[in-house]
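Heads up, the thing below is written out as structure tokens.
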Amino acid sequence: MKELYRLLHEQGFGSRKDCRKLIEAGLVLIDGEAVLDHRQPVDPTALDEIEVDGEPWPLLELPLYLLLHKPGGYETSHRPLHNPSVFHLLPYQFEALGIAAVGRLDVDTTGLLLMSTDGQFVHALTSPKKQVPKCYRVTLKHAVTDELVARLLKGVYLKDDDEKVIAEAVTVVDEHTIDMTITQGKYHQVKRMVAAASNRVEGLHRLSLGTVELGDLAEGDWRWLSAGELAALGF
Ligand code: URA
């Protein structure tokens, strides 16, 4: 059993004081009835959902693991400078629970972005040691050539870096499109690799990270990672 205000706090509804106020204002309903005593004991395992401020709230299982289809024009940052934040595409409670992105996508990059409140998960999947493969659909300014593919696979030097960066795999999709897999996550890596190989990225969309695929999730939508997807990532 847990006091109701503590449960709300753990679910990301703000400070303990904010949660007491929500309850005392009659904004928290259990089984359709407002509960006014913030110390009311509740059994989270027996509750599927509560209603807070007119919205049904299915109780979250922590930590959170989710996949967002990032749209263009959003910054992967809690404090964006010039654009809205990807975190604003999620319920506001998730930020209070400490959600973080698994790596960053540029503001104009779209596609798969994993997010979690589990620091170990975020660290493991972004650690350079782990070499997690990331596959991007890359739209190119100039037509694909055999030479471009060969240069990306052989590796290119990026400015200020003395080690070559190599594409793990490159598949030609059409005259101006390739799918490219990389295992590092350097700043603007795909754009810089393509530029170093004498072409230019006009569009960038992440299709997968490790074994997790974006699939047909609509742009701007998110979904929980399944137990199978987490197990395949080693969690
Ligand atoms: N490489 C880039 O250049 N940008 C991204 O957003 C991701 C990978």
Side-chain angles (χ1 to χ4, degrees), residues 66-90 99-116 121-144 148-149 151-173 176-215 217-222 225 233:
L66 63 91
L67 183 167
L68 171 75
H69 183 161
K70 179 190 175 295
Y74 282 78
E75 287 181 36
T76 313
S77 167
H78 286 285
R79 286 188 207 85
L81 292 175
H82 306 294
N83 300 274
S85 161
V86 288
F87 296 103
H88 295 161
L89 295 163
L90 307 173
I99 198 145
V102 174
R104 275 168 188 257
L105 291 178
D106 296 338
V107 67
D108 53 348
T109 301
T110 58
L112 177 147
L113 186 58
L114 299 189
M115 296 185 171
S116 180
F121 177 83
V122 174
H123 176 74
L125 294 178
T126 47
S127 162
K129 281 192 211 135
K130 289 274 160 63
Q131 305 236 315
V132 180
K134 291 156 281 265
C135 180
Y136 294 86
R137 177 143 298 176
V138 189
T139 310
L140 300 161
K141 179 169 174 144
H142 310 292
V144 186
L148 172 83
V149 175
R151 283 178 76 181
L152 293 171
L153 289 171
K154 195 163 158 247
V156 291
Y157 287 99
L158 303 180
K159 210 170 151 220
D160 301 333
D161 230 333
D162 26 282
E163 262 184 52
K164 261 188 183 174
V165 278
I166 295 172
E168 283 291 304
V170 178
T171 311
V172 178
V173 178
H176 282 267
T177 316
I178 55 173
D179 285 350
M180 171 163 147
T181 304
I182 56 172
T183 55
Q184 311 99 318
K186 292 177 187 281
Y187 180 66
H188 292 331
Q189 184 170 334
V190 174
K191 291 175 185 164
R192 290 161 70 211
M193 285 177 75
V194 168
S198 308
N199 204 315
R200 191 187 150 89
V201 172
E202 298 267 275
L204 194 55
H205 177 74
R206 185 150 68 187
L207 296 166
S208 64
L209 185 147
T211 43
V212 182
E213 293 186 359
L214 181 61
L217 185 68
E219 205 170 83
D221 281 359
W222 65 273
L225 290 185
L233 292 171

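Computed over heavy atoms, backbone and side chain alike; hydrogens, waters and symmetry mates excluded. Only a predicted model underlies this, so the values are computations on that prediction, with no experimental measurement involved. Note that ligands are numbered from 1 as they come in the structure, with each ligand's atoms numbered from 1 the same way.
- D106 OD2, 2.7 Å is the protein heavy atom nearest to atom 4 (N) of ligand 1.
- By the criterion of a heavy-atom distance under 4.0 Å, both the backbone and the side chain of V190 are placed next to ligand 1.
- Listed by number with element, the atoms of ligand 1 under 4.0 Å from a non-hydrogen atom of Y136 are 7 (C), 8 (C).
- For the pairing with Y74, the side chain to side chain contact (heavy atoms under 4.5 Å, CB included) check across L68, L105, V86, N83 returns one residue only, V86.
- Within the listing of ligand 1, atoms 1 (N), 2 (C), 3 (O) sit less than 4.0 angstrom from a heavy atom of H188.
- The L105 neighbourhood of ligand 1 comprises atoms 6 (O), with distances under 4.0 Å to a heavy atom of that residue.
- Y136 pairs in a side chain to side chain contact (heavy atoms under 4.5 Å, CB included) with only one of the listed residues (V201, I182, L207), which is I182.
- The protein non-hydrogen atom at the shortest distance from atom 2 (C) of ligand 1 is L204 CD2, 3.4 Å.
- Considering backbone and side-chain N/O of T109, one or more are found under 3.5 Å from N/O of ligand 1.
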Exercise. Any chance you could lay out the side chain to side chain contact (heavy atoms under 4.5 Å, CB included) test for L114 and F121, step after step, and finish with the verdict?
Key: CA-CA 10 Å; L114 299 189; F121 177 83; 4.3 Å; yes

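- K191 has a carboxylate O that lies under 4.0 Å from a charged side-chain N of D108, or vice versa, which qualifies the two as a salt bridge.
- Shown here is K130, whose NZ atom has no more than 12 heavy atoms of other residues, nucleotides or ligands within 6.0 Å.
- In this structure, the ring of H88 has its center no less than 6.0 angstrom from the ring center of H78.
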